[in-house]
Amino acid sequence: MTRSANVLTARQFPLPGFVLAMPLYPSKTVNVPGRFLSIFVFSIGFFIQCNVLTSNIGLRFLNITDLLVLVTLPVIALLYIRCLTPSITLLYLVPLTAFFALTTIFADERGDGEFYTTAMTYFYAVYFLFFAYMLFKENLLELFCWSIFAGFIAVTILLFLDIFIHDQLASLGLSFMFDEAGVLEAAAKGEISPLLLRVEKAGGIWPVGNTAGPVFALAGAAAAYLAERNTRPALFAVFLLIYLATFTLTLNRSGIFAVLVIGLYFYIRNFSIRMLLSTYFGFALSALTIAAVLPLGAFDVAEQVFSKRFLEDSNTSNNAQERWETIVGGVQVMLNHPLGIGFTARYGELSQLTKVGTPHNGFLATAYASGIGFCILSAFATIYAVFRKRKVSFFAYSAVGVIIGYQFEELNFNPVFMAHVGLALAYAFIDLDFRLFMKNSAMRMAAITQNVRGGDEGSFTDKLGGLRHPTS
């Protein structure tokens, strides 16, 4: 993209100041070839979506991203440690570490193995701070989004293959270990397992469809950003069609809702007469296609699925009442244990209050695992990413997906949501650090650079617009 095109984009979609000033941030400590960094970033994005179950092949990590985060954290931190400022250390890393230490030491009734989520939540939050510096400093955000999209396509293929070759995929970590016959036999004896839901709602690489649906929906953030970045709304339309295909197996409504809200946000943000005409012709073509193949019975399965989940579900009002009661009870449990509580203990306490052991809310579940402090940080970062006037759109789309997903399910333990929350935290606090502490010094540096080059005075955006990375 040319310099003039960069400046034009910056004026069309105002960017945060730190993005414009990123060329002024210190460079990495070791001159690693760009090709290696690109391969690394693509791998992280791909495996965020196509999150191989390393526990299936005998490793002590549940997912491949857990392994990658812990193994590569020292490397990426050393590469970009110069980008850290004293202010962001005090503003973000110190409170984050303090919250982690407090919940590690003082959380109530944590059982064996229940510390894993707490620890990984912290490591993801630290890891993606340095990863965000890499994305912006090396101009790799678009590649990262392409890799997420590629991972989404791969995990969708695995979801459908799982119907036919489940055992083979599970042995390679490409499907969740599931003994359907055993679960059904136990259910017949009155022993109900949470995995019984997988019989109806397939999850592929994830335990059940209620996890898979929201996780797949987060790929919509990458698709929307790529569609906006390349002015190709058809990219998001392709994602939507693939996602609707996955819905026929996952049967998860919250994911559908998240995708539709991301799509609506994308549509409003990029609305134009051309897009309106494209939408009209797209709907017309879809209607003609459906009308042509409908007599052949090609949409019978899809019709049954959507009818079952949206028209014939008589439990909607009961579900809404139950979820409200569990949220009220969940808040009470959170306030009773501000530094966190073990899963088994809080399940029992919440069951006594509401007869249901889950709050159906990711933010409350975050408070149980990592304390109220980290819960507040996560909620603030996602809301900030959405409502910040100057924004990089990927982080806003991602935050929308996280917020909606968290309103329906406990997804704080999921590595995909951990990654997106980590990115939201990094984005929000890098931006705040720049706005509160670095903006004036960056403007002075830009002015000095401009004067040395013999340029005239201009606005901060004009001075740095030609230097910035094309991230919007």
Side-chain angles (χ1 to χ4, degrees), residues 36 38-73 75 113 116-117 119-120 123-124 127 143-186 193-219 222 239 242-243 245-252 255 409 411 413-420:
F36 290 126
S38 297
I39 293 172
F40 174 73
V41 167
F42 189 91
S43 299
I44 295 293
F46 181 86
F47 286 120
I48 282 177
Q49 268 293 313
C50 189
N51 220 307
V52 177
L53 293 158
T54 48
S55 57
N56 285 17
I57 56 177
L59 299 181
R60 300 190 65 181
F61 304 96
L62 294 180
N63 303 88
I64 192 170
T65 49
D66 295 353
L67 173 64
L68 290 172
V69 164
L70 290 178
V71 170
T72 63
L73 175 58
V75 178
Y116 186 88
T117 297
M120 292 310 304
F123 287 121
Y124 272 76
Y127 184 87
L143 176 66
F144 179 64
C145 290
W146 277 116
S147 65
I148 291 177
F149 193 64
F152 168 68
I153 293 174
V155 81
T156 299
I157 294 171
L158 292 175
L159 176 69
F160 283 92
L161 287 177
D162 189 55
I163 301 173
F164 308 103
I165 53 173
H166 167 76
D167 292 341
Q168 293 88 330
L169 292 177
S171 65
L172 298 173
L174 300 178
S175 179
F176 189 84
M177 285 287 189
F178 178 60
D179 181 8
E180 182 174 347
V183 169
L184 291 175
E185 182 179 348
S193 167
L195 290 179
L196 181 62
L197 193 61
R198 186 181 173 96
V199 176
E200 180 181 1
K201 297 182 176 182
I205 210 167
W206 303 109
V208 294
N210 285 352
T211 301
V215 166
F216 296 167
L218 287 179
F239 163 79
I242 298 173
Y243 187 88
T246 68
F247 177 79
T248 61
L249 296 180
T250 65
L251 301 179
N252 177 258
E409 301 293 340
L411 294 163
F413 65 89
N414 184 279
V416 181
F417 274 81
M418 284 185 185
H420 281 263

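All residue numbers in this chain count up from 1 along the given sequence.
- Atom CZ of Phe216 and atom CZ of Phe239 lie 10.0 Å apart (nearest 0.5 Å).
- For the atom pair Leu67 CG and Leu62 CG, the distance stands at 11.5 Å (nearest 0.5 Å).
- Among residue pairs with one or both ends in residues 40-68, none qualify as salt bridge (charged side-chain N to carboxylate O under 4.0 Å, His left out); sequence neighbours excluded.
- Taking every heavy atom of both residues into account, Cys145 and Ala222 meet most closely at O-CB, 3.5 Å.
- Screening residues 165-182 for salt bridge (charged side-chain N to carboxylate O under 4.0 Å, His left out), with sequence neighbours left out, gives no hits.
- Smallest separation of non-hydrogen atoms from Ala212 and Gly203: CB-O, 3.7 Å.
- In this structure Asp162 satisfies the side chain to side chain donor-acceptor pair (under 3.5 Å) test together with His166, Ser175, Arg198, sequence neighbours excluded.
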Expected list for residues 153-161: side-chain donor-acceptor pairs under 3.5 angstrom, two or more places apart:
unit_1: Thr156; atom_1: OG1; unit_2: Phe152; atom_2: O; d: 2.8

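- Minimum heavy-atom separation, Phe144 to Gly45: CE1-CA, 3.6 Å.
- Atom CG in Leu53 sits 9.0 Å away from atom CE in Met177 (nearest 0.5 Å).
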### Stepwise side chain to side chain contact (heavy atoms under 4.5 Å, CB included) check, Val41 with Trp146
CA-CA 10 Å; Val41 167; Trp146 277 116; over 6 Å; no
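- Each side-chain hydrogen bond (donor to acceptor under 3.5 Å, both in side chains) pair with one or both residues in residues 43-55, not counting sequence neighbours, appears once here: Asn51-Thr65.
- With rounding to the nearest 0.5 Å, the separation of CD1 in Ile48 from CD1 in Ile64 is 11.5 Å.
- Every residue meeting the side-chain contact (heavy atoms from CB on, under 4.5 Å) condition with Ser38, not counting sequence neighbours, appears here in chain and number order: Leu140, Leu143.
- Put simply, CG on Asn56 and CG on Leu59 are 10.0 Å apart, with the number rounded to the nearest 0.5 Å.
- Asn252 approaches Gly213 most closely through the heavy-atom pair OD1-CA, 3.8 Å.
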#### Entry: side chain to side chain contact (heavy atoms under 4.5 Å, CB included) between Gln168 and Leu174, intermediate numbers included
CA-CA 9 Å; Gln168 293 88 330; Leu174 300 178; over 6 Å; no
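- Taking each heavy atom of Phe178 and Val183 in turn, the nearest pair found is CE1-CG2, 3.7 Å.
- Using cut-offs of 30° and 60° for the angle between ring planes, the Phe42 and Phe46 rings count as parallel.
- For the atom pair OH of Tyr127 and CE of Met418, the computed distance is 15.0 Å after rounding to the nearest 0.5 Å.
- In the model, Asn210 has a side-chain atom that pairs as donor or acceptor with a side-chain atom of Lys201 under 3.5 Å.
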### Task
Go through the steps for Trp206 and Thr250 under the test side chain to side chain contact (heavy atoms under 4.5 Å, CB included), then give the verdict.
CA-CA 10 Å; Trp206 303 109; Thr250 65; over 6 Å; no
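- Of all non-hydrogen atoms in Ser171 and Ile57, the two that sit nearest each other are O-CG2, 3.5 Å.
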